Amino acid sequence: MKKVVILTGAGISAESGVPTFRDSDGLWEGHDVMEVASPQGWAKNQELVLDFYNQRRRNIGTVQPNAAHIALAKLEEKFDVTVITQNIDNLHERGGSGNVLHLHGEITKVSSCDYPDLVYDIGTKDICVGDTCERGSQLRPFVVWFGEPVPKIEEAMEISAAADIFIVVGTSMAVYPAAGLIGYVPNEARKFVIDRVTPSIGHYPNLEVLEGKASEKVPMLVKQLLAEERG
Ligand code: OAD
């Protein structure tokens with residue numbers, strides 16, 4: 001089976017009602033991104049940061065996967081598929097994808113400040129200042145903040161380097177190391193970029209740009225790839 005690797009960003013979830021980051025002047029739901037997504041922001045105001053992610057977590061409980069998430073899952077009928085997502089929502093899983101790597105963490109999980117290997121599934125529940133892990137350390141969102149290492153990046157590089165087809169959906173390609181993954185994809189692999197506004201990504205061989213809404217362009221591409229594979 002050919003390997004299809006999909007790199008997604010906030011744009012794929014936009015039509016489900018999850019706001020993107022850079023479509024709103026660098027503000028994320030009215031907050032400076034550094035205030036709510038950096039270790040410095042956390043050191044300054046834990047309550048604000050926890051409250052911000054509590055709201056994101058509640059929001060996840062109310063939104064549904066859209067046609068783009070659902071179409072990507074269909075690729076599994078004919079391809080060996082890995083979704084590498086920068087998103088912390090769980091819409092790929094709920095859309096049916098079986099193999100999802102979350103580069104920037106997951107909103108439905110929390111980890112311990114002092115014991116980062118302690119990770120807990122909390123679904124859509126809130127966490128507050130004073131909520132601790134079993135070893136007494138404050139819980140924090142299981143999210144990679146600016147300036148923090150991205151533990152899964154090496155795995156993502158290896159997966160990208162083995163792709164026969166690489167599809168980028170709904171990311172401004174502004175945040176590294178995620179944006180650099182396309183550089184690991186073999187020259188001969190077919191590459192597709194789907195975005196409402198084509199991001200600047202440099203020149204790669206075998207690259208096709210499909211400008212438009214994810215909910216329209218992704219199902220079209222999936223249909224085409226499945227038809228080609230069926231012959
Ligand atoms: P951005 O907000 O930077 O980019 C969203 C992209 O989606 C843009 O290129 C939009 O044009 C596109 N877009 C918006 N609506 C769309 C639609 N309906 N169909 C198709 N495309 C659409 O989000 P990311 O690239 O995901 O990191 O941001 C990367 C990282 O920066 C995030 O994971 C987050 C953020 O800070 C952390 O939190 C660590």
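Small disclaimer: the values here were computed from a predicted structure and weren't measured. For reference, positions follow the sequence shown, starting with 1. Atoms within a ligand are numbered from 1 in the order they appear, just like the ligands themselves.
A salt bridge does not link E77 to K74: none of the charged side-chain nitrogens sits closer than 4.0 Å to a carboxylate oxygen. Ion pairing between a basic and an acidic side chain is recognised when a charged N comes within 4.0 Å of a carboxylate O; R140 and E148 show such pairing. A salt bridge links K3 with D80; the closest basic N to acidic carboxylate O contact falls under 4.0 Å. Salt bridge absent: K152 and E158 never bring a charged side-chain N and a carboxylate O closer than 4.0 Å. In summary, D89 and R94 do not engage in a salt bridge, as defined by a charged side-chain N under 4.0 Å from a carboxylate O.
Of the protein's heavy atoms, S172 N, 3.3 Å lies nearest to atom 4 (O) of ligand 1. Shortest contact from atom 38 (O) of ligand 1 to any protein heavy atom: V144 O, 4.0 Å. Among all protein heavy atoms, the one lying closest to atom 5 (C) of ligand 1 is G170 O, 3.7 Å. Scanning the protein heavy atoms around atom 36 (O) of ligand 1, the nearest turns out to be F146 CZ, 3.0 Å. Counting protein heavy atoms only, atom 19 (N) of ligand 1 is closest to A214 N, 2.9 Å. Protein heavy atom closest to atom 29 (C) of ligand 1, with residue, atom name and distance, is Q86 OE1, 3.2 Å. Among all non-hydrogen protein atoms, the one lying nearest atom 16 (C) of ligand 1 is G11 O, 3.6 Å. The closest protein non-hydrogen atom to atom 10 (C) of ligand 1 is D195 OD1, 3.2 Å.
For a threshold of 3.5 Å applied to N or O pairs, the pair formed by I194 and ligand 1 contains no separation below that value. Residue K213 places no N or O, backbone or side chain, under 3.5 Å from any N or O of ligand 1.
Within the 4.0 Å heavy-atom criterion, both parts of A10, backbone and side chain, lie near ligand 1. When heavy-atom distances to ligand 1 are checked against a 4.0 Å cut-off, A14 comes that close only through its side chain, counted from C-beta outward. Contacts with ligand 1 closer than 4.0 Å are made by side-chain heavy atoms of H104 only, the backbone lying farther away.
Rounding to the nearest 0.5 angstrom, the gap separating the CG atom in L75 from the CD1 atom in I167 is 5.5 Å. Here the CD atom belonging to Q138 is positioned 6.5 Å from the CG atom belonging to D131, to the nearest 0.5 angstrom.
For E134, the CD atom is densely surrounded, since the number of other residues' heavy atoms within 6.0 Å is greater than 12.
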Verdict with supporting geometry, D114 and R135, side-chain contact (heavy atoms from CB on, under 4.5 Å) = CA-CA 9 Å; D114 297 317; R135 300 177 80 169; over 6 Å; no
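Not a single heavy atom of W145 sits closer than 4.0 Å to an atom of ligand 1. The shortest separation from a heavy atom of A68 to ligand 1 is not under 4.0 Å, leaving the residue out of contact.
Just one residue in the list K223, K2, R190 forms a salt bridge (charged side-chain N to carboxylate O under 4.0 Å, His left out) with E228, and that residue is R190.
Counting heavy atoms from C-beta outward, L48 and E35 have side chains that approach closer than 4.5 Å.
Listed by atom number, the atoms of ligand 1 under 4.0 Å from E15 heavy atoms are 17 (C), 18 (N), 19 (N). When each atom of ligand 1 is checked for a heavy atom of G9 under 4.0 Å away, the hits are 26 (O).
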